[in-house]
Trainee: 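Here it is: the structure, laid out below.
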2 protein chains.
Amino acid sequence: MSEQEKKSKEQLILEVAESEFFSKGFDGTRTVVIAQKAGVTHAMLHYYFRTKEQLFDRIISDKFELISQMVLSVLGNSELPLIERLREGIASHFDLVAANPLLPRFLITEMLPHPERYHFMYEKLNSIRQLYTDLQKSVDEAAAQGVIERVDVMMLLTSILSLNVFPIISSQFILQMVGEVGQFDQAQFLAARKQETIEMIMRRITKK
Amino acid sequence: MSEQEKKSKEQLILEVAESEFFSKGFDGTRTVVIAQKAGVTHAMLHYYFRTKEQLFDRIISDKFELISQMVLSVLGNSELPLIERLREGIASHFDLVAANPLLPRFLITEMLPHPERYHFMYEKLNSIRQLYTDLQKSVDEAAAQGVIERVDVMMLLTSILSLNVFPIISSQFILQMVGEVGQFDQAQFLAARKQETIEMIMRRITKK
DNA sequence: TTTTTGTTTAACAATTTTGTTAATACAAAA
DNA sequence: TTTTGTATTAACAAAATTGTTAAACAAAAA
């Protein structure tokens, strides 16, 4: 028996379901397709997870930590000095998003239109407040010392999220649009974006 | 008869359908719901548009120009000097996206996963190439004169798109996340973002 | 007025998708 | 080696969703 076949059917269903839900959304996903791709009868899917909704909920809760980190990691390590903290926060956030490129689109297409369904998620993200206030303090201190310019942390975080997430979501689209003009491939493009975000944020906070 | 009632049923269906498709996506939209919200029997919907798909296609082609502008406007007016061209391009692009906030999410959730369905769209966007090359030339010239730093236009456009689009898509989410800490409302937040994008791009291209 | 054309409705049909069940195989424990 | 619980299948049922039709109706044309 190969490694693949050793996996329990339950596990197989979960893996296929994750990829289906993330790429097609809840409404676009067909339980029979999940079953078929997992190589099981679709009755098995209902046997293990009862309904499509419960299967979906299971996937979400399995991704709970990852989703939290997807936002929290951008705040960086508060032990480090400000500049390092930002560089490190941006880089690790970028890597996390790049490693899970379907997740942001999923959040945008599923969480935003159904906020009631994800209240638990929003609650969890309240823990961001502490780190947020903390980061604003670091910024204000550094600004007082004349090291950097005083900036609003909400604006700064929004910029970082935008610059990191959007290109990963839409790299296909951008590369296709500009086409042969630039001859980037996707890996090069993403590597360049990671540096570009850091560069832009650094320029944003340095005193003129 | 009121203004509303004077509208043809066909027009009513189209308006409701647009809002439904844009907020819930193709898969999440129910034709009976469209009919119900438009105050007509759902047979009418089929009478005018035959199928759900044809209704959808009709909406898309009606939005065709807008969708094109959604990308093209960021390139600005090539008659203007570079700095003005960028400022104007960023601002008008921001305004366009802000006036149609559901469209970008729709593009991300419908166009990206079904590229075959929107080939005509991608073709149209080929017209971006001319303007793109043109903008790179302006940048190179200004850089040669030492006015600005030499930057890659693909990176620059990606940054502008990211900084303009992402905050508009996810303003709800961001505001909720940071919550009472900053007491921005959505209008203030978006106004601030528009300026912030311009500021960041200007800092990115100025020589240190 | 009669005809014609396009609009509207209600009832129904077809299809797609999800969910259930009863029978059976299987594996592990007693 | 019976027993017990779990896993599996095929066939079926139910629900949801889309699409059709025939007949009524209204408006405009002849």
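Quick note: numbers below take in every heavy atom, side chains included, and nothing from hydrogens, waters or symmetry partners. In what follows, every chain begins at residue 1, and chains take the letters A, B, ... in the order their sequences are listed.
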Trainee: Starting from C1' on C:dT7, measure out to CZ on B:Arg50 and report it in whole angstrom.
Mentor: 16 Å
Trainee: May I ask you to list the residues of residues 25-41 of chain A, by number, that have any heavy atom positioned under 4.0 Å from an atom of DNA chain D?
Mentor: A:Thr41
Trainee: Could you tell me which residues satisfy salt bridge (Lys or Arg N to Asp or Glu O under 4.0 Å) with B:Glu53, sequence neighbours excluded, listed by chain and number?
Mentor: B:Arg117
Trainee: Using whole Å, what does the distance between atom P of nucleotide C:dT16 and atom NZ of B:Lys52 come to?
Mentor: 13 Å
Trainee: Please tell me if the side chains of A:Arg87 and A:Ile201 come closer than 4.5 Å, counting only heavy atoms from C-beta onward.
Mentor: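 The answer is no; the side chains never approach within 4.5 Å.
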Trainee: Do B:Ser73 side-chain atoms and B:Met70 backbone N/O form a donor-acceptor pair below 3.5 Å?
Mentor: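 Checking the backbone N and O of B:Met70 against the side chain of B:Ser73, no donor-acceptor pair under 3.5 Å is found.
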Trainee: To the nearest angstrom, how far is B:His42 atom NE2 from C:dA10 atom P?
Mentor: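 Taking atom P of C:dA10 as the reference, NE2 of B:His42 is at 12 Å.
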Trainee: Considering heavy-atom distances to DNA chain C, does B:Lys9 or A:Thr51 have its closest nucleotide positioned more toward the 5' end?
Mentor: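 Per heavy-atom nearest nucleotide, the more 5' residue is B:Lys9.
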Trainee: Is it true that a side-chain atom of A:Gln136 and a backbone atom of A:Val151 form a donor plus acceptor pair closer than 3.5 Å?
Mentor: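 The answer is yes, because a donor-acceptor pair under 3.5 Å joins these two groups.
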Trainee: Is B:Tyr48 near enough to C:dT8 that one of its side-chain N or O atoms lies under 4.0 angstrom from OP1 or OP2?
Mentor: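 True: B:Tyr48 side-chain N/O within range (under 4.0 Å) of C:dT8 OP1/OP2.
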Trainee: Rounded to whole Å, how long is the line connecting atom OH of A:Tyr47 with atom C1' of C:dT24?
Mentor: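 So the OH-C1' distance, A:Tyr47 to C:dT24, works out to 13 Å.
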Trainee: Quick one: do the B:Arg193 and A:Ser159 side chains pair a donor with an acceptor below 3.5 Å?
Mentor: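 A pair is found: one side chain offers a donor N or O, the other an acceptor, under 3.5 Å apart.
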Trainee: Mark yes or no for whether B:Arg105, through its side chain, and B:Ile169, through its backbone, hold a donor-acceptor pair below 3.5 Å.
Mentor: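 Between the backbone of B:Ile169 and the side chain of B:Arg105 there is no qualifying donor-acceptor contact (under 3.5 Å).
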Trainee: In this structure, how many angstroms lie between the P atom of C:dT8 and the CZ atom of B:Phe49, rounded?
Mentor: 12 Å
Trainee: Is it true that a side-chain atom of A:Glu15 and a backbone atom of A:Glu10 form a donor plus acceptor pair closer than 3.5 Å?
Mentor: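 Answer holds: no.
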Trainee: Got a donor-acceptor contact below 3.5 angstrom from the A:Arg150 side chain to the A:Val139 backbone?
Mentor: no
Trainee: How close or far is atom P of C:dT18 from atom CD of A:Gln54, stated in whole angstroms?
Mentor: 15 Å
Trainee: Under 6.0 Å between ring centres, would you say that holds for A:Phe56 and A:Phe21?
Mentor: yes
Trainee: Please report, rounded to the nearest Å, how far the C1' atom of C:dT8 is from the CG atom of B:Leu45.
Mentor: 14 Å
Trainee: What integer distance in Å separates A:His46:NE2 from C:dT18:P?
Mentor: 7 Å
Trainee: From the 5' end of DNA chain D to its 3' end, which nucleotides mark the outer limits of contact with chain A, defined by a 4.0 Å heavy-atom distance cut-off (strictly under)?
Mentor: D:dT6 to D:dA10
